[in-house]
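Here is the structure we will look at.
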Number of protein chains: 4
Amino acid sequence: MPGERRTDPQEERAAKRRGDRRDQIIAAATEVFAEFGYHLASISEIIRRAGIARGTFYLYFDSKHAVFDSILSGAMVGLASRIRVIETASGSEPPHQQAEQNIRRVLQYLYENRPLSQLLLNPGLTPDTESAQHLQAFYDRVAEMIRASLDHGINIGLVRACDTELVAPALLGAIRSVTRQLLKDDATPDLDRVVGELVAFGWRGVMVPEVWD
Amino acid sequence: MPGERRTDPQEERAAKRRGDRRDQIIAAATEVFAEFGYHLASISEIIRRAGIARGTFYLYFDSKHAVFDSILSGAMVGLASRIRVIETASGSEPPHQQAEQNIRRVLQYLYENRPLSQLLLNPGLTPDTESAQHLQAFYDRVAEMIRASLDHGINIGLVRACDTELVAPALLGAIRSVTRQLLKDDATPDLDRVVGELVAFGWRGVMVPEVWD
Amino acid sequence: MPGERRTDPQEERAAKRRGDRRDQIIAAATEVFAEFGYHLASISEIIRRAGIARGTFYLYFDSKHAVFDSILSGAMVGLASRIRVIETASGSEPPHQQAEQNIRRVLQYLYENRPLSQLLLNPGLTPDTESAQHLQAFYDRVAEMIRASLDHGINIGLVRACDTELVAPALLGAIRSVTRQLLKDDATPDLDRVVGELVAFGWRGVMVPEVWD
Amino acid sequence: MPGERRTDPQEERAAKRRGDRRDQIIAAATEVFAEFGYHLASISEIIRRAGIARGTFYLYFDSKHAVFDSILSGAMVGLASRIRVIETASGSEPPHQQAEQNIRRVLQYLYENRPLSQLLLNPGLTPDTESAQHLQAFYDRVAEMIRASLDHGINIGLVRACDTELVAPALLGAIRSVTRQLLKDDATPDLDRVVGELVAFGWRGVMVPEVWD
DNA sequence: AATGAATGAGGGTTCATTCAT
DNA sequence: CATGAATGAACCCTCATTCAT
């Protein structure tokens, strides 16, 4: 207690360890959820992989559902931080390059977090309809961002007139589908090629036919 | 199959009734699975809706898993029967019209079987990783058909050179995503418009840029 | 189905068996609750004594709490049916004889249901404060009946003027205390003597009777 | 015990503090036990109210059960110290006045220790049958004292001939019942009136006193 | 002396499946 | 064929207790 600094180093270490435990549990749980799906994932298996006792689990999370929510929240933050709104101010990079980089960053994140990606891409590993809707809500937000970009593109004559309410999810679905496909194999694919193809496919699908490279 | 031996009319009726019961159970189970997801769906709820006794259920299906598999198989047959290989022989309809009709027939089927569609479109309502893979295997087969069509299209100069292994799932993903989106609302959407947009989007994404209608 | 009488004998037997099972479980549970108290009583022990499987228990009761409530309700009905309002109309038996018979009937019931009596006499074997209050509410009702009798007795000059709000629970407490005392031993005590002493005590207290009617 | 050796003032203070901690824990535990009953009372809640850490609790008590026993022992000592054997030597106060003062002192003690009183009066808040018997043993001792007094009273012609083995618990039960009743309300009742009524009831019962000394 | 993270035995409950009627 | 009472393995979660710091 003498000369107590901003943060007591002992407390600091404790807080650190506490965070570590949480992360350790989350990592184990993510694996197990991805492998078995929510319902077939047992607390027993999670604590076995985390190397902790039963009670310890409940020291960090209120329930099985709570860990799942934590995982999902973390993932959404992680994904969202990789997606930037596409700028069309003069001087900005061409939109399709911005889109390309968004996709590249997201794929990078997913490749780096394989088990987590299973959870994100397979809404079917979810505890219940409600949780699936959480996840869906996130995708809806992303689809909305895409739609706004498309609408803007139409206004400035870059994108052909189309029903953006349909085309936005179509674009997103294309990306998800390809990503899920690629994550099935363990091999890390050539990111540049994948992103290139995706953008090429999506771009031609939406652009105005007159303006071509 | 005709003239298989004289079928006792009583046996025949029995077989008929037996089939009816099965269908009745399948219908109830489909509803319940779609509503709650596989794990939260209980046999109790299924038999309640089917109006049968507990034991009766196990007279027609070996297990909970077995009904689910039956449902999935039926759906795959139903879907597959709506999809025709695209013909490019001279005299055939233009490929994009054939694709359009494939999509229209599939959507029609899905709209007519709402609860079933939930199961097909949300891999998350699936019992386990294995079952999800069954479903995925079906989609892989469809993707493969699309890929073959694309490859052929490239050969005859109709489709731009692209990595069909990526573009095929992208196309399929676009369709699935849009369909899932539309099935969320109860309203039956304008099929022609939806199919039109989908084809327009997909077509431009894959066609050679020189030939434009 | 042919000649179906008022009640299908098969159904009848089934209903009978169903009731039997319930009673069987209630009997076992009463024993276990009386022996260990609510919290230390385990479902495992209850089903062991009832000779049934775990799931069977939950076929007849929703929860551990539910059996307990059933037991308590049954006991209250049983007790209440042994207690009659004391009549003071001319031609009725003398009030103290009526009281005597109430007590005798209650004691009879308790002696015939030993384990049940533990539960009733020891509010401490109760699941929670709430349940204890259920039981207490019953005793309050009985005390209220006693109080009404006393008030009436005062009005007709049979009972001395006293604070019936205090004396009523005192009388009831005396009865409960003696009963609990006697039920501790396994031997069945001489009912007539016990009841006689109780009534005498309540009626005239402990004072010497040199002054007596 | 006087002149116990020179007590180091530091040790003394330490012992003092140690005692304080104990009392602090006992006070918190008494509250919690009274509020929830033994089993629903958690160590977590006790240490929360005592403002100490988990481990500290086990520095002062071996177990949850041990605190409960401590509380009970303390209460018994407290109660016993308020009860004096009734003297019948010539020159003593009249027995019924001595009884009256015993009751008054006990009630005073109970009113001053409300939460404790819940524990004492509701055998149902007890950990197990064994603990309930501890408590019961205390009451048995008190009943025995009452019985001895009654026997003596009969010998000297003050008390009517009666089965003191029955009447003693009856008297005690009456007192307990009334006390429990009164402690339910938060208001502190008029002690003199209550004690007066109790003694009157025990002494002369409920009968009309037209025939009186 | 004090702390609080960690432990794990044990609790109540669910539900797919079986089988005697 | 049909029934539904019975089964029991397996689940999630709680909480008194321990012990390294």
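Any value given below was found using the heavy atoms of this structure, including those in side chains, with hydrogens, waters and symmetry copies removed.
- As rounded to whole Å, 15 Å separates atom C1' of E:dG12 from atom CD of C:E45.
- Between the CD1 atom of B:I43 and the C1' atom of F:dG4 there is a distance of 14 Å, rounded to whole Å.
- Whole-Å rounding puts the C:F36 CZ to E:dG10 C1' distance at 15 Å.
- B:D62 CG to B:D69 CG: the interatomic distance, rounded to the nearest 0.5 Å, is 11.0 Å.
- The distance between atom CD1 of B:I47 and atom C1' of E:dT17, rounded to the nearest whole Å, is 12 Å.
- Every residue meeting the side chain to side chain contact (heavy atoms under 4.5 Å, CB included) condition with C:Y60, not counting sequence neighbours, appears here in chain and number order: C:R18, C:R21, C:R22, C:I25, C:T56.
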Worksheet item: Based on Watson-Crick and G-U pairs with both distances under 3.5 Å, what dot-bracket line describes DNA chain F 5' to 3', crossing pairs as [ ] and inter-strand pairs as |?
Response: .||||||||||||||||||||
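- Among residues at least two apart or in separate chains, salt bridge (Lys or Arg N to Asp or Glu O under 4.0 Å) pairs with a member in residues 40-50 of chain D are D:E31-D:R49, D:E35-D:R49, D:E45-D:R48, D:E45-D:R49.
- With rounding to the nearest 0.5 Å, the separation of CD1 in D:I71 from OH in D:Y38 is 10.0 Å.
- Straight-line distance from the CD atom of B:Q24 to the P atom of F:dC1: 13 Å, rounded to whole Å.
- Ring geometry for B:F68 versus B:F33: interplanar angle over 60°, hence perpendicular rather than tilted (30 to 60°).
- Across all strands shown, C:A66 has no heavy atoms under 4.0 Å from either base or sugar-phosphate atoms.
- Separating the CD1 atom in C:I46 from the NZ atom in C:K64 is a distance of 7.0 Å, to the nearest 0.5 Å.
- Residues passing the side chain to side chain contact (heavy atoms under 4.5 Å, CB included) test with D:S63 are D:H65, D:A66, sequence neighbours excluded.
- For the pair D:D62 and A:S63, both in contact range of DNA chain F, the more 5′-proximal nearest nucleotide belongs to A:S63.
- The CZ atom of B:F61 sits 16 Å away from the P atom of E:dT18 (whole-angstrom rounding).
- Looking at residues two or more places apart in sequence or on another chain, you find no side-chain hydrogen bond (donor to acceptor under 3.5 Å, both in side chains) involving A:S73.
- Rounded to whole Å, the distance from CG on B:L40 to C1' on F:dC11 is 13 Å.
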Item to complete: Could you encode protein contacts along nucleotides 1-8 of chain E as a string, one character per nucleotide from 5' to 3', using B for base contact, S for sugar-phosphate-only contact and - for no contact, with a heavy-atom cut-off of under 4.0 Å?
Response: SBBBBBBB
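- Atom CZ in B:F68 sits about 16 Å away from atom C1' in E:dA16, given to the nearest Å.
- Taking both residues in full, the closest heavy atoms of A:A75 and A:L116 are given as CB-CD1, 3.7 Å, listed atom of the first, atom of the second, then distance.
- Candidate nucleotides E:dG12, F:dT17, F:dC13 were compared by shortest atom distance to the side chain of C:Y58, and E:dG12 ranks first.
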